Amino acid sequence: MKSLKVNKENTKNILNDLLKRSPNNYDSYAGKVQVILDDVKEKGDEALFGYTEQFDKCHLTADTVLVTKEEIQAAYEKVDASLVEIIRKALVNIRTYHEKQKQYSWFDSQPNGTILGQKVTPLSSVGVYVPGGKAAYPSSVLMNIVPAKVAGVEKIVMVTPPDKNGEVTPATLVAANEAGATHVYKVGGAQAIAALAYGTESIEKVDKIVGPGNIYVALAKKAVYGHVSIDSIAGPSEILVLADETANPRFVAADLLSQAEHDELASAILVTTCPELAKKVEQEIEGFLQTLSRADIIRKSLDNFGYILVADTMEEAIEITNNIASEHLEVVTKDPFEVMTKIKNAGAIFLGSYSSEPLGDYFAGPNHVLPTNGTAKFFSPLSVDDFIKKSSIIYYSREALQPLHNDIETFAQAERLTAHANSIAVRFEEEE
């Protein structure tokens with residue numbers, strides 16, 4: 001990890017360094033992705049199954065692409081019963097949290113004959129992308145499906161790549177069934193995104209696509225945006241721990257490594273006002289690296305995008321924290337709630353020594369699909385809001401419109417939109 005003193009120049013360099021990890025910097029792959037998208041759009045199942053055979057070494061047909069009830073039942077037999085029970089416990093917390101996000105239609109009626117309002121409608125269909133193979137994360141299945149289910153989405157389609165035998169990761173299937181997926185298809189990669197965006201003979205087009213994936217999936221989602229909605233273009237994982245002298249260095253080190261193990265592009269940053277804590281955290285990190293199974297990945301992550309930043313004051317520490325706008329932010333200070341009020345930019349905020357980031361990944365309830373690469377400055381975590389749409393409601397009686405019509409006509413004429421003005425004027429022609 002790079003140890004630096006907090007100043008404007010270092011802050012600028014760190015931000016530029018972190019932005020190198022953005023999927024937007026991998027446009028060299030875009031051409032390959034576009035070929036796949038166009039092919040599936042034009043040829044449907046033929047291309048979809050062809051790419052599945054090419055990339056996943058699995059032969060699919062229209063009869064085998066959809067996961068059956070029997071396959072789901074078989075998955076339960078392969079997953080340890082204790083894990084199934086944990087998934088169900090996590091589901092309760094995740095569902096309870098997201099139910100508090102629900103929005104409802106509202107109407108405001110006035111005595112003068114006007115009714116204004118907002119109609120909230122769930123999306124009709126959503127596609128959820130789930131990585132397969134070694135990158136199987138049943139927790140992400142829950143986080144992507146539950147808010148859609150709570151929002152009232154009727155059709156929730158999950159796609160995930162199969163192995164060469166045409167089987168889907170059992171824990172992924174169990175999580176999908178428990179969360180409420182209505183369809184699960186054995187396809188992955190950019191070709192799966194194309195199927196969800198354009199539709200094929202076997203897979204119907206959806207309204208929105210959510211879920212994480214590799215660079216091909218990320219660029220495919222970016223390319224189909226407009227044909228469908230998407231959640232975001234997710235970048236590599238990141239954590240920032242904001243700590244003072246009261247923090248436990250062993251806890252801080254463990255939490256930093258919890259994200260660094262994701263991949264070599266992950267970012268782990270400590271911002272502290274205590275130089276002594278900074279040194280102790282470095283020592284603890286070295287100790288952990290002697291025993292952790294993904295130590296090689298962690299070392300590369302820390303070498304590339306790991307920082308220990310020492311600030312003179314907490315105000316300076318908070319300022320750089322807001323500038324970085326990390327996906328995950330842990331506040332481990334004497335009064336984390338007071339510090340939290342000054343945080344403007346973060347995907348998820350964890351307060352205190354015992355609110356470790358993995359608590360949010362798996363169990364607490366808030367969504368772990370979060371904005372990355374500084375986009376927490378303007379994006380929010382995945383939520384029920386992502387699976388609804390809103391329509392404005394306007395009703396005016398003649399009596400309500402009558403005293404306003406001249407003003408509206410004048411406004412329209414000022415914009416030289418005479419048909420707009422006429423649309424109002426014709427309703428009061430008899431008054432001329």
Side-chain angles (χ1 to χ4, degrees), residues 24 41 97-127 147-156 196-199 204-210 221-233 322-323 325 341-347 367 369-371 374-432:
N24 291 322
K41 184 178 182 181
Y97 180 87
H98 286 83
E99 282 174 347
K100 292 178 171 64
Q101 297 177 338
K102 287 187 72 172
Q103 295 192 46
Y104 299 91
S105 301
W106 58 267
F107 301 91
D108 181 26
S109 177
Q110 297 294 326
N112 66 356
T114 67
I115 300 176
L116 301 178
Q118 182 172 271
K119 185 176 183 294
V120 176
T121 308
L123 302 182
S124 296
S125 59
V126 169
K149 198 76 177 174
V150 170
V153 177
E154 290 187 5
K155 187 174 182 179
I156 302 174
L196 294 172
Y198 306 125
E204 289 186 0
K205 179 184 184 300
V206 298
D207 296 324
K208 185 166 188 171
I209 302 172
V210 301
K221 286 171 67 177
K222 181 180 177 182
V224 301
Y225 178 65
H227 294 279
V228 293
S229 180
I230 62 172
D231 51 349
S232 63
I233 308 296
N322 280 324
N323 282 331
T341 63
K342 300 175 183 178
I343 299 298
K344 298 178 180 178
N345 306 320
N367 210 288
V369 180
L370 303 167
T375 60
K377 292 177 180 177
F378 45 83
F379 280 148
S380 304
L382 191 72
S383 72
V384 173
D385 289 351
D386 288 288
F387 299 98
I388 62 172
K389 56 182 180 177
K390 302 168 187 176
S391 303
S392 302
I393 302 296
I394 301 171
Y395 168 80
Y396 268 59
S397 66
R398 176 183 173 84
E399 291 71 27
L401 184 60
Q402 199 279 333
L404 305 176
H405 78 91
N406 287 327
D407 291 341
I408 300 169
E409 291 165 34
T410 300
F411 213 149
Q413 288 162 354
E415 295 185 347
R416 299 182 181 179
L417 297 175
T418 55
H420 279 62
N422 184 61
S423 174
I424 298 293
V426 294
R427 286 164 166 77
F428 300 94
E429 289 175 322
E430 73 281 2
E431 294 182 3
E432 300 299 326

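In this text, all values refer to a predicted model and were calculated from it rather than measured experimentally. Heavy atoms only: backbone and side chains are in, while hydrogens, waters and symmetry mates are out.
Taking the side-chain contact (heavy atoms from CB on, under 4.5 Å) definition, one finds that I424 meets it with H405, I408, E409, sequence neighbours left out. Applying the ring-ring contact (aromatic ring centres under 6.0 Å, His included) criterion to Y97, with sequence neighbours excluded, gives no partner residue. For D407, there are no side-chain contact (heavy atoms from CB on, under 4.5 Å) partners, not counting sequence neighbours. Scanning for side chain to side chain donor-acceptor pair (under 3.5 Å) contacts around K102 gives an empty result, with sequence neighbours left out.
Side-chain atoms of K205 come within 3.5 Å of backbone N or O of H227 as a donor-acceptor pair. Under the 3.5 Å distance criterion, the side-chain polar atoms of K221 are left unmatched by any main-chain donor or acceptor of S229. Between the side chain of D207 and the main chain of S125, a donor-acceptor pair closer than 3.5 Å is present. With hydrogens and angles ignored, the 3.5 Å screen pairs a side-chain donor or acceptor of N322 with a backbone N or O of K342.
Taking CZ from R398 and CZ from F428, the interatomic distance works out to 5.0 Å, rounded to the nearest 0.5 Å. The distance from atom CD of Q402 to atom OH of Y396, rounded to the nearest 0.5 Å, is 13.5 Å. Rounded to the nearest 0.5 Å, atoms OH (Y225) and CD1 (I233) are 10.0 Å apart. In this structure, OG in S383 is found 8.0 Å from CD1 in I388, a value given to the nearest 0.5 Å. Taken to the nearest 0.5 Å, the CD atom of E415 stands 12.0 Å off from the OG1 atom of T410. We find the OG-CG distance between S232 and L370 to be 9.0 Å, quoted to the nearest 0.5 Å.
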### Message
For a side-chain hydrogen bond (donor to acceptor under 3.5 Å, both in side chains) check, start with the C-alpha distance between D385 and Q103, then their side-chain angles and the critical distance, and finish with the verdict.
### Response
CA-CA 8 Å; D385 289 351; Q103 295 192 46; 2.8 Å; yes
### Evaluation steps, side-chain contact (heavy atoms from CB on, under 4.5 Å), between N367 and H98
CA-CA 8 Å; N367 210 288; H98 286 83; 3.2 Å; yes
#### Entry: Test side-chain contact (heavy atoms from CB on, under 4.5 Å) applied to V210 and V126, step by step
CA-CA 8 Å; V210 301; V126 169; 4.2 Å; yes
### Task
Applying side-chain contact (heavy atoms from CB on, under 4.5 Å), run through V224 and Y198 and close with a yes or a no.
CA-CA 9 Å; V224 301; Y198 306 125; 3.7 Å; yes
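Heavy atoms only, all atoms of each residue included: G347 and P381 are closest at O-CG, 3.3 Å. Across all non-hydrogen atoms, the minimal contact from V228 to L196 is CG1-O, 4.3 Å. Here the closest heavy-atom approach between residue L382 and residue P147 is recorded as CD2-CG, 4.3 Å. Between A421 and A412, the closest heavy-atom pair is N-CB, 3.6 Å.
Between D231 and K208, no side-chain nitrogen of the basic residue sits less than 4.0 Å from a carboxylate oxygen of the acidic one, so the salt-bridge criterion is not met.
In this structure, E99 places its CD atom where more than 12 heavy-atom neighbours from other residues, nucleotides or ligands lie under 6.0 Å away.
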What donor-acceptor contacts under 3.5 angstrom involve side-chain atoms of residues 107-122, with partners at least two apart or in another chain?
{"unit_1": "D108", "atom_1": "OD1", "unit_2": "Q110", "atom_2": "NE2", "d": "3.2"}
{"unit_1": "D108", "atom_1": "OD2", "unit_2": "Q110", "atom_2": "NE2", "d": "3.2"}
{"unit_1": "N112", "atom_1": "OD1", "unit_2": "T114", "atom_2": "N", "d": "3.2"}
{"unit_1": "N112", "atom_1": "OD1", "unit_2": "T114", "atom_2": "OG1", "d": "3.1"}
{"unit_1": "K119", "atom_1": "NZ", "unit_2": "T121", "atom_2": "OG1", "d": "3.2"}

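A 4.5 Å side-chain heavy-atom check between K155 and V206 finds every atom pair outside the cut-off.
Sorted by first then second residue, the side-chain hydrogen bond (donor to acceptor under 3.5 Å, both in side chains) pairs that include residues 418-427, not counting sequence neighbours, number zero.
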